[in-house]
There are 2 protein chains.
Amino acid sequence: MTLAERLQAAHYQLTAPRRALLQVLETSERHLTAAELLERGRAIYPALSRATVYRTLEILAALGALRLIYDASGAPRVACIAESHHHLICLGCGETFHFDDCPISNLEEQIGERFGFSVSSHLLELYGFCQACRP
Amino acid sequence: MTLAERLQAAHYQLTAPRRALLQVLETSERHLTAAELLERGRAIYPALSRATVYRTLEILAALGALRLIYDASGAPRVACIAESHHHLICLGCGETFHFDDCPISNLEEQIGERFGFSVSSHLLELYGFCQACRP
DNA sequence: GTACGTGCAAAGGTTTTGCATGGCG
DNA sequence: CGCCATGCAAAACCTTTGCACGTAC
């Protein structure tokens, strides 16, 4: 289910500014700040306003379609599409490494059952030190 | 290793304002916003200033002793002690459920090895819908 | 005594809101 | 045609910084 489909399913209009943002979100290779979203969105739809960026993020977050997280440096908020994510974050240099293969797909269901949750995605972040930064 | 010990190990002074904050952090039952930290810290050390809250958080984050994350509602930043955390977050009502027993302690090492990381802690968040909110 | 830490207040930046206009369905 | 969505600009908010004073070691 794409973000656009999610918006429509929830009876939100699919306008040009929103399309631009969705496209940016779905094609971004990493988590973006609000400012980056605005910049990239304007490459597609130049009149895009800052307010629309925030308003759209708010809608998507409320729908559970994405989630805001911090990056390792504690920097401003970043948008994170609500697929499952797996990161290794170096506490030394702040570098983030993604890995794709999910080590806990089986646990998702198992834990969900225990708490009566229907789990749809997850975020797994491992903190430590990379080879270069190891004390 | 307590937060106080960590600070001292890194040759930071253990002053009254910092002690107050550490006590708040170590006894808080959940993640707090900066404003809550200030408020609770002032209950212990009334002259505590906002600036000291942020400066202390920055130090602790740099030491890898805690980490800033968002709560489920995408609200302002919260301080999260850098022990491993396991949450179930309901996308409907925003409620967060913690569970203590770690389902991936064995994976930590395994994944670390693969990437040459020495992993010290992790954050695992599962998103879904609780029984009451299930669509 | 010196370097580090603090509080205050001001500056800086980001997010949110109000309102008039424009566009979708 | 009515309602939702938008852009702009101002307001509100949160975080950071500069500086003079205190305090720890």
Side-chain angles (χ1 to χ4, degrees), chain A residues 3-24 31-63 65-71 73-80, chain B residues 3-24 31-63 65-71 73-80:
Chain A
L3 291 175
E5 286 166 346
R6 282 205 190 223
L7 276 186
Q8 290 192 305
H11 302 290
Y12 286 101
Q13 292 175 25
L14 208 50
T15 60
R18 284 182 185 163
R19 271 179 218 274
L21 279 171
L22 299 185
Q23 185 181 330
V24 170
H31 305 155
L32 304 174
T33 64
E36 287 170 330
L37 273 174
L38 178 63
E39 186 187 353
R40 294 190 185 196
R42 280 186 169 164
I44 299 169
Y45 182 84
L48 182 65
S49 100
R50 210 179 307 275
T52 298
V53 171
Y54 287 106
R55 283 188 280 232
T56 305
L57 285 178
E58 191 186 344
I59 290 170
L60 291 171
L63 290 178
L66 63 75
R67 178 165 166 77
L68 306 173
I69 62 171
Y70 277 97
D71 75 9
S73 62
R77 44 175 56 192
V78 294
C80 160
Chain B
L3 291 175
E5 286 166 346
R6 283 204 189 222
L7 276 185
Q8 290 191 306
H11 301 291
Y12 286 100
Q13 292 175 25
L14 209 49
T15 60
R18 283 182 186 163
R19 271 178 218 274
L21 279 171
L22 299 185
Q23 184 181 330
V24 171
H31 304 156
L32 304 174
T33 63
E36 288 170 331
L37 272 174
L38 179 63
E39 186 188 352
R40 295 190 185 196
R42 279 186 170 164
I44 299 169
Y45 182 85
L48 182 64
S49 100
R50 208 179 307 275
T52 297
V53 172
Y54 287 107
R55 284 189 279 232
T56 305
L57 285 178
E58 191 186 344
I59 290 170
L60 291 171
L63 290 177
L66 63 75
R67 178 166 167 75
L68 307 173
I69 61 172
Y70 277 98
D71 75 9
S73 61
R77 43 175 57 192
V78 293
C80 159

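Values reported hereafter were calculated over all heavy atoms of this structure, with side chains retained and with hydrogens, waters and symmetry mates removed.
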- request: Scan A:R18 against the nucleic acid and name what it touches under 4.0 Å (heavy atoms): base, sugar-phosphate only, or nothing.
  value: sugar-phosphate
task: Could you tell me whether B:A51 contacts a base, only the sugar-phosphate backbone, or nothing, with contacts defined as non-hydrogen atoms closer than 4.0 Å?
output: base
message: For D:dT6 and A:S49 - does any side-chain N or O of the residue sit under 4.0 Å from the phosphate oxygens OP1/OP2?
response: no
- request: Would you indicate what A:A34 reaches in the nucleic acid, counting non-hydrogen atoms under 4.0 angstrom: base, sugar-phosphate, or nothing?
  value: sugar-phosphate
query: From D:dT6, C:dG7, C:dG25, pick the nucleotide closest to the side chain of B:R55?
result: C:dG7
field: Atom-pair distance (CD1 on B:I59; C1' on C:dG5), nearest Å
entry: 9 Å
- request: Starting at atom CZ of B:R42, determine the distance to atom C1' of C:dG7, rounded to an integer number of angstrom.
  value: 10 Å
Value in whole Å for how far the P atom of D:dT6 lies from CG of A:L21: 9 Å
message: Per the salt bridge (Lys or Arg N to Asp or Glu O under 4.0 Å) rule, what does the pair list look like for residues 38-50 of chain A, sequence neighbours excluded?
response: A:E29-A:R40
- line: Heavy-atom closest pair (A:R19 atom, A:L14 atom, distance to 0.1 Å) is NH2-O, 3.5 Å
- prompt: Taking atom C1' of C:dG22 as reference, at what distance in whole Å does atom OH of A:Y45 sit?
  reply: 9 Å
Interatomic distance where CZ belongs to B:R50 and P belongs to C:dA11 [whole Å]: 17 Å
message: Using OP1 and OP2 only, check whether a side-chain N or O of B:T15 sits under 4.0 Å from C:dT6.
response: yes
field: Separation of atom CG in B:L38 from atom P in C:dG7, rounded to whole Å
entry: 10 Å
task: Using atom CZ of B:R19 as one end and atom C1' of C:dG5 as the other, report the distance to the nearest whole Å.
output: 14 Å
- request: Taking the side chain as every heavy atom from C-beta outward, state whether B:L60 and B:L22 have any atom pair closer than 4.5 Å.
  value: yes
message: Could you check whether any side-chain heavy atom of B:I69 comes within less than 4.5 Å of a side-chain heavy atom of A:I69, counting everything from C-beta outward?
response: no
query: Just how far, in rounded Å, is C1' of D:dC3 from CG of A:L14?
result: 17 Å
- prompt: Taking the side chain of A:Q13 as heavy atoms from C-beta outward, which of D:dT6, C:dT6, C:dC24 is closest to it?
  reply: C:dC24
- prompt: Got a donor-acceptor contact below 3.5 angstrom from the A:T52 side chain to the A:L48 backbone?
  reply: no
query: With a 4.0 Å cut-off on heavy atoms, is B:L48 in touch with a base, just the backbone sugar-phosphate, or nothing at all?
result: sugar-phosphate
